[in-house]
Amino acid sequence: MNLDFPYHVDGRGLTASTGDEDHIRDMVEQVLFTAPGERVMRPDFGCGLLDLVFEPGGPELVATTHHLVQGALQQWLGHLISVDALDVVHEEGTLSVSVSYVVLRTQERVDATFSRSGP
């Protein structure tokens with residue numbers, strides 16, 4: 001079993017755990033929403049997605065976001081997943097990223113959407 005994200009305590013008073021597929025989804029979310037420099041022992045981890053929430057929208061932002069996300073997922077999770085499709089939507093301070101990926105170990109296809117609003 002793996003630690004669940006975000007960290008919390010389960011009904012038994014123990015650290016909550018999760019299965020492999022949910023753990024991979026949690027890791028995708030962490031890569032997306034962790035800013036480089038945020039983790040002390042891995043200063044280059046993440047993709048800086050939240051820095052783009054208040055940038056002017058348009059095709060340039062979408063292309064930049066697509067490039068950042070694709071590269072970060074490949075770098076940090078390329079040994080676990082293969083990204084098939086990526087869609088980025090930026091509307092009024094909210095950034096939504098839809099990712100379709102294949103879990104390499106099981107060949108299971110997963111579609112997940114992640115959203116964050118600016119502070």
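Basis for what follows: all heavy atoms, side chains included, without hydrogens, waters or symmetry-related copies. Residues take their numbers from the sequence shown, with the count starting at 1.
Of the inter-residue distances, the one linking L77 atom CG with Y101 atom OH reads 9.0 Å to the nearest 0.5 angstrom. Within the model, atoms CZ of F5 and CZ of R25 stand 10.5 Å from one another, a figure rounded to the nearest 0.5 Å. Taken to the nearest 0.5 Å, the CZ atom of R116 stands 9.5 Å off from the CG atom of L49. One distance of note links SG of C47 with NE2 of H67; it measures 11.0 Å at 0.5 Å rounding. The line from CG of L86 to CD of Q70 is 6.0 Å long, rounded to the nearest 0.5 Å. With rounding to the nearest 0.5 Å, the separation of OG in S98 from CG in D111 is 8.5 Å.
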- Task: Walk me through it: do M27 and L80 pass the test side chain to side chain contact (heavy atoms under 4.5 Å, CB included)?
- Result: CA-CA 10 Å; M27 288 191 294; L80 298 173; 3.3 Å; yes
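The minimum heavy-atom distance linking D44 with Q75 is given by the pair OD2-NE2, 4.0 Å. Of all heavy-atom pairs spanning V103 and I24, the tightest one is CG1-CD1, 3.7 Å.
Side-chain atoms of D10 come within 3.5 Å of backbone atoms of G13 as a donor-acceptor pair (strictly under, hydrogens ignored).
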Check: residues 32-42 side-chain donor-acceptor pairs under 3.5 Å, at least two apart:
unit_1 : atom_1 : unit_2 : atom_2 : d
T34    : OG1    : Q30    : O      : 2.6
E38    : OE1    : A35    : N      : 3.0
R39    : NH2    : Q30    : OE1    : 2.8

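One hydrophobic cluster holds both V110 and V99 under the rule that ILVMFWY side chains link at heavy-atom gaps under 4.5 Å.
Using a 3.5 Å distance cut-off with no hydrogens or angles, the side chains of N2 and T18 do not pair a donor with an acceptor.
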